[in-house]
Amino acid sequence: MVSRWLLDSIYKVYQVVVLCPVIFIMSVWAGTTMAVMCPLTGRHGDWWGSFASRWWARIIIWASLIPVTVEGRENIDKGTSYVFVANHQGAYDIFLVCGFLGMEIRWMLKRSLEKIPFLGIACRKAGYIYVDKGNPGAVRATYRHAEKVLQDGASLMVFPEGSRTRTGRVNRFKKGAFALADELQLPIVPMTINGSYDILPPQRDGSFIHWHPLRLTIHEPIYPEARGEENIRRMMEESFEKIQSGLDRWISRL
């Protein structure tokens with residue numbers, strides 16, 4: 001019987017020889033496609049952004065030899081705009097959501113990410129929303145940008161923790177995504193991600209990944225019942241509870 005040590009060693013060699021080149025090639029292809037085709041094709045640019053990000057993510061996960069399970073697709077309608085929120089376990093969260101959610105989504109990103117060479121421009125051209133919390137005017141501008149994106153039939157994707165967990169637990173949510181859903185009167189769809197923390201915890205960024213299955217659980221939408229702080233707080237609390245309920249048992253007990 002092949003030892004676990006030998007399998008781990010083979011997987012590490014595979015990552016160096018196969019996976020790293022695949023990630024590099026796909027990232028260059030996706031970034032170039034988004035940066036060039038999105039502005040050139042006008043209203044069809046959103047399609048190019050979704051196409052490039054979807055296949056970038058899928059091919060990287062397939063090349064990682066990671067199996068993916070998606071549960072709860074019946075809870076969402078492709079003809080409806082949502083604000084998707086999920087726990088943030090690690091780097092593979094982005095690949096999982098981009099590649100396998102199956103919805104037209106735009107990400108809400110920190111403004112600091114716009115300064116990253118090449119990536120920042122590509123995401124902006126693809127219609128992703130950079131959040132600026134510097135002043136009330138910037139927040140209003142973010143809302144207007146989001147409203148325009150939603151009018152084109154897309155949904156928004158946000159990690160409400162703001163950063164990746166360091167322990168596997170779900171950290172306290174920030175209210176930005178829920179305030180936006182309240183402002184635009186959109187349903188929130190909580191999603192639970194399992195497995196990403198095991199593949200590459202934040203503490204191990206830059207090191208070898210570990211093989212572990214990924215699972216995305218899509219919970220039932222939470223619809224706005226009013227407008228204002230009480231509605232925002234209710235959606236935050238219900239989203240946290242639903243996401244927490246879908247976590248693997250070992251994480252929920254940490």
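Since we're looking at a predicted model, the values are computed, not measured.
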Peer 1: Compare every heavy atom of I193 with every heavy atom of V97, then report the nearest pair and how far apart it is.
Peer 2: CG2-CD1, 4.1 Å
Peer 1: Between D93 and G90, is there a donor-acceptor pair closer than 3.5 Å when you use the side chain of the first and the backbone of the second?
Peer 2: yes
Peer 1: Closest approach of A179 and I232, non-hydrogen atoms and distance?
Peer 2: CA-CD1, 3.8 Å
Peer 1: Within this structure, what is the CH2-CD1 distance for the pair W56 and I94, rounded to the nearest 0.5 Å?
Peer 2: 6.0 Å
Peer 1: If you apply the rule salt bridge (charged side-chain N to carboxylate O under 4.0 Å, His left out), what do you find for R233 with E229, and how did you get there?
Peer 2: CA-CA 6 Å; R233 184 166 53 253; E229 287 298 323; 5.1 Å; no
Peer 1: Please work out which of the three classes, parallel, tilted or perpendicular, describes the rings of F159 and H88, given edges at 30° and 60°.
Peer 2: parallel
Peer 1: Contact between V170 and T165 at the side-chain level, heavy atoms closer than 4.5 Å - yes or no?
Peer 2: no
Peer 1: Is there a side-chain contact between S196 and R164 in this structure, where contact means two heavy atoms from C-beta onward sitting under 4.5 Å apart?
Peer 2: no
Peer 1: Quick check, are the ring centers of W62 and F95 under 6.0 angstrom apart?
Peer 2: no
Peer 1: Which pair of heavy atoms, one from P160 and one from A86, lies closest together, and at what distance?
Peer 2: CD-O, 3.3 Å
Peer 1: Counting N and O atoms only, with roles assigned by atom type, does the side chain of N171 sit under 3.5 Å from a partner on the main chain of E161, one being a donor and the other an acceptor?
Peer 2: no
Peer 1: Return yes if some donor-acceptor pair links the side-chain N/O of Q89 with the main-chain N/O of Y197 below 3.5 Å, else return no.
Peer 2: yes
Peer 1: Got a second to check how far E238's CD is from I222's CD1, nearest 0.5 Å?
Peer 2: 5.0 Å
Peer 1: Search all heavy atoms of M191 against all heavy atoms of I243 and return the closest pair with its distance.
Peer 2: O-CG1, 3.5 Å
Peer 1: I need the R234 CZ to E237 CD distance, nearest 0.5 Å.
Peer 2: 10.0 Å
Peer 1: Under 3.5 Å, side chain of S81 to main-chain N/O of S155, donor-acceptor pair present?
Peer 2: no
Peer 1: Which heavy atom of W29 sits nearest to which heavy atom of A52, and what is that distance?
Peer 2: CZ3-O, 3.5 Å
Peer 1: How many angstroms lie between atom CD of Q15 and atom OG of S64, to the nearest 0.5 angstrom?
Peer 2: 7.5 Å
Peer 1: Do side-chain atoms of R215 reach the backbone of T69 as a donor and acceptor pair under 3.5 angstrom?
Peer 2: no
Peer 1: Between K242 (side chain) and E220 (backbone), is there a donor-acceptor pair under 3.5 Å?
Peer 2: yes
Peer 1: What do the steps show when you test E71 against R73 for salt bridge (charged side-chain N to carboxylate O under 4.0 Å, His left out), and what is the final call?
Peer 2: CA-CA 6 Å; E71 302 171 344; R73 287 193 190 277; over 6 Å; no
Peer 1: Any side-chain to backbone donor/acceptor pair from Q185 onto P224? Under 3.5 Å, distance only.
Peer 2: no
Peer 1: Using atom types as modelled and distance alone, determine if a side-chain donor or acceptor of R58 lies under 3.5 Å from a backbone N or O of F100.
Peer 2: no
Peer 1: For the atom pair CD1 (I59) and CE (M26), what is the distance rounded to the nearest 0.5 Å?
Peer 2: 3.5 Å
Peer 1: Do you know which two heavy atoms are closest between N194 and D248, and how far apart they sit?
Peer 2: OD1-N, 2.8 Å
Peer 1: Are the side chains of F178 and V85 in touch, meaning some heavy atoms are under 4.5 Å apart?
Peer 2: yes
Peer 1: Does I76 reach the side chain of L101, with side-chain heavy atoms less than 4.5 Å apart?
Peer 2: yes
Peer 1: Can a donor-acceptor pair be found, under 3.5 Å and without considering hydrogens, that links the side chain of Y14 to the backbone of A63?
Peer 2: yes
Peer 1: Measure the CD1-CG distance between I218 and N75 for me, rounded to the nearest 0.5 Å.
Peer 2: 7.5 Å
Peer 1: Sub-3.5 Å donor-acceptor pair from the side chain of Y82 to the main-chain atoms of D77, do we have one?
Peer 2: yes
